[in-house]
> 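Before we start, here is the structure in question, set down as structure tokens.
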Amino acid sequence: MDVRAQISMIFHLDKCIGCHTCSIACKNIWTDRKGAEYMWWNNVETKPGTGYPTKWEDQDIYQGGWEKKNGTIGLRGAGKKKGLLNIFHNPNLPVIDDYYEPFTYKYLDLIESPAMDDQPTARPVSLITGKPIDIKMGPNWDDDLSGTPDYARKDPNLHDLSPVEQEAMFQLERMAFFYLPRICNHCLNPACVAGCPSGAIYKRGEDGVVLINQKVCRAWRMCVTACPYKKSYYNWHTGKSEKCILCYPRLEAGYAPACMHSCVGRIRYLGVILYDADRIESTANTDTGNLVDKQLDLLLDPFDPGVIEAAKENGIPDSTIKAAQYSPSYKFIKEWGLALPLHPEFRTLPMLFYVPPLLPVMASLSHQDTAQGEKMDPIAKFWNDNWLYDTSTEDLWGTIEQARFPLKYMANLFSAGDEEKIKTVLKKLWAVRIHRRNVTVGDIAPEKVERALREAGLDAPTADAIYKLTSLAKFDERFVIPPAHREQAIEMLEFTGDTKGSIGFGFKEKAERGL
Amino acid sequence: MQNLFNTLNNFFLIGLPYIALTVFLVGSIWRYRSTKFKVSSLSSQFLEGRQLFWGSVPFHMGVLFLFFGHLIAFVIPRGVLAWNSHPVRLIVLEVTAFIFGIALLIGLANLVYRRVTNPRIAVVTSRMDYFLLTLLLVQVVTGLWVAYNFRWGSSWFSSVLTPYLWSIFALQPDLTAVSALPWVVKLHIVLAYLIVLLIPFTRLMHFLVVPLDYIWRPYQQVIWYWSRKEVRKAWTPWSLQRPKNN
């Protein structure tokens, strides 16, 4: 057992309101530079939708991630052979149009325009060429546009849904969507690290943050291809790749990453997880059906004396072990079994976990539909203006069994197609709601509550704990950041006095092309 | 007149190679050590990918073949001469080399066309890039010209140029054979020195950082700022433990 520590994140999708505050917080700190305008280390996608870059999940196009062939895994579009053979021209590299051409407006024209018959306009200009452009795409171009043929219906996760299921999904009355905020997953088996010919990308041993050394990066661009989440971006100005750094300078100082700190819906949690590095390879090599279970198996119980001893043996500080014991990530993933990785079938073992959303799944019932209407509680019939989110079917699991949103879709996102896993999580989320409704309103029969908790595999104290961490958690409960022990590693950062527009933290050279 | 001719010969065929090699060696080391961030191939594929394929691939293939061709004639001239002793083999070698030269020319022409016509690419093109492309274009054209008009290059390179180049490296420059060569050949040689000289100041630098160690390194890399076992021992004075990545 080789115990290591990993900063792991939880995004609770039921709470995401799609406000993009996280994206802006990140952009303002890290990517408002030339060449990085198009980069969104943090972005929020509307699902179903095509995402950013367009259809990033479709690996037939982008050839990202690992694939299993003849019993072992290899990089799909990069790797030693493909990477070096394609070093003069990478056939699987997305170009800027797959993201969008960054633009601004000539605001000054509004002020400096001479008197004319027509009102002056601020024309859009490209941030690359500086010339006027017709904007074809922008960040979050498909925001809230679920159901539209151009975006939602081209979602790669719909590939194994029957046409009938898809039609049902996009009927106006039944249509639902949710937001999927994404940052770098800081994977345990990162494809970008494996794909980098220069060896510029590495996983930081102390906390598992995956970083690109800007001084070693030589613009071979293989990480962009290799990362199945397309979270490594090529800076066309500096000729270097960049990615989310999990705000490591903030983490080292005990602050939460900017996207998490600023999150309005408080959907984000961050904590340390202890894992067994010896089993990474075998886990990544396992069959698709077992991927999620095996990945969760990697994560170790921080209360287990054997694990603690092995962790200490490996030099993990006591403070980190303690942080692991208080980690909200551990609770969501292992204790409560509520969080699942995004696209585990890419086999990178992502360390960002999502609590799948219950709200878009909840049944929509209209009282004209008599068969369903019969099952409704009287109170829901009375308040018929909120029928769209009515969840009060008399069947205990009616909302999930008769999901408005195909669980298969959710399973394609979070469990490599295993609907049962999604169902288990949603049942737990639903049972917590029933339990809390009983506690606060008390209009549900106690037997029903008991049955709900029992069938979901919870008990009342656990349900309360879930409720508390989901709804009431304060800053220090959502972010349990282990001390970075800078007293031991004072030179983690060489230089901290850089300015806006420079290359990044601890970097003294100018962000200009290398000629 | 003859005097001037000699001076020019001396400067371009003796002075220049030493200047070029010194600048190349010192300059490359200096650039790698002082501005490591700027050692990069500066790919522009992200802004334009399709045209690049028809430029970059034939260009690099041609460069690689011809570079190693020249290198082999320099290192083992006898081997090349022995190979060329049979006319069929000679023709095969010359024709192959010429085809790669044509590929190089086509690739280069595509690259120049792409740089000049695409407004996005123009943004990431420096004046040095234009200069370098022009230089390479002239070099390729003179090379093809020489190969076509002064046959058979692989043989006379081995017997005339190789001794001259070795004399440069042996620090005993000997111009006797070279000074009689036609001016196109001399131009080709001088431009080659110029390109070597320019390596530290251009994107050509990227050929020095070809990631061959990728072949041997394990796929995953984990870097520890501190030796995680040593640092926890009381007897490890932490000031002796340098972070590994800075």
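So you know, we letter chains A, B, ... as the sequences are listed, proteins then strands, and number each from 1.
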> B:His206: which residues meet the ring pair (Phe, Tyr, Trp, His ring centres under 6.0 Å) condition with it, sequence neighbours left out?
none
> With only heavy atoms counted, which part of A:Glu281 is less than 4.5 Å from chain B, the side chain, the backbone, both or neither?
neither
> Side chains of B:Val39 and A:Arg218: does their closest heavy-atom pair fall under 4.5 Å?
yes
> What residue in A:Pro91, A:Ser126, A:Gly83, A:Gly195 has the most heavy-atom pairs under 4.5 Å with chain B?
A:Gly195
> I need the residue from A:Leu211, A:Ile87, A:Asp97 with the largest number of non-hydrogen atom pairs under 4.5 Å to chain B.
A:Asp97
> Would you compute the distance between atom NZ of B:Lys38 and atom NZ of A:Lys240 and round it to the nearest 0.5 angstrom?
10.5 Å
> Heavy-atom cut-off 4.5 Å, strictly under: side chain, backbone, both or neither for A:Tyr233 against chain B?
neither
> Quick one: OG on A:Ser198 to CZ on B:Arg217, what's the gap to the nearest 0.5 Å?
8.5 Å
> Kindly check if the number of other-residue, nucleotide or ligand heavy atoms within 6.0 Å of OH (B:Tyr113) is above 12?
no
> Which members of residues 54-64 of chain B, sorted by number, sit under 4.5 angstrom from chain A on a heavy-atom basis?
B:Ser56, B:Val57, B:His60, B:Met61, B:Leu64
> Are the side chain of B:Gln45 and the backbone N or O of A:His89 linked by a donor-acceptor pair below 3.5 Å?
no
> Closest approach of B:Val123 and A:Trp236, non-hydrogen atoms and distance?
CG1-CZ3, 4.1 Å
> For chain A, which candidate among B:Gly49, B:Pro218, B:Ser44 shows the most heavy-atom pairs at distances under 4.5 Å?
B:Gly49
> So do B:Leu52 and A:Phe88 actually touch side chain to side chain, heavy atoms under 4.5 Å?
no
> Which answer fits A:Asp98, side chain, backbone, both or neither, if we ask what part of it has an atom under 4.5 Å from a heavy atom of chain B?
neither
> With a 4.5 Å limit on heavy-atom distance, are the side chains of A:Arg4 and B:Val222 in contact?
yes
> Measure centre to centre between the rings of A:Tyr99 and B:Phe46, then say whether the value is under 6.0 Å.
yes
> Indicate yes or no: at least one non-hydrogen side-chain atom of B:Arg120 is less than 4.5 angstrom from one of A:Ile96.
yes
> Are side-chain heavy atoms of A:Trp220 and B:Ser43 found at a separation under 4.5 Å?
no
> Not counting sequence neighbours, list each pair that qualifies as a side-chain hydrogen bond (donor to acceptor under 3.5 Å, both in side chains) and has a residue in residues 207-216 of chain B.
none
> For each of A:Ala191, A:Gly130, A:Gly79, tally heavy-atom pairs with chain B at distances under 4.5 Å, and name the one with the top tally.
A:Gly79
> Got more than 12 heavy atoms from elsewhere within 6.0 Å of CZ, B:Phe68?
no
> A side-chain contact here means heavy atoms from C-beta on lying under 4.5 Å apart; do A:Val193 and B:Tyr219 qualify?
no
> Who pairs with A:Thr54 by side chain to side chain contact (heavy atoms under 4.5 Å, CB included), at least two apart in sequence or on another chain?
A:Thr50, A:Met137
> Just wondering, do A:Thr238 and B:Phe37 contact through their side chains at under 4.5 Å, heavy atoms?
yes
> For A:Asn86, is it the side chain, the backbone, both, or neither that has a heavy atom closer than 4.5 Å to a heavy atom of chain B?
neither
> Would you say the side chain of A:Leu84 lies within less than 4.5 Å of the side chain of B:Pro211, judging by non-hydrogen atoms?
yes
> Nearest 0.5 angstrom please: A:Arg204 CZ to B:Ile223 CD1, how far?
11.0 Å
> Pair B:Gln221, A:Ile201 - check side-chain contact (heavy atoms from CB on, under 4.5 Å), show working.
CA-CA 7 Å; B:Gln221 291 202 113; A:Ile201 316 182; 5.8 Å; no
> Shortest non-hydrogen contact from A:Ala219 to B:Ser40?
CB-OG, 3.4 Å
> Using a 3.5 Å distance criterion without hydrogens, assess whether the side chain of A:Thr129 forms a donor-acceptor pair with backbone atoms of B:Pro119.
no
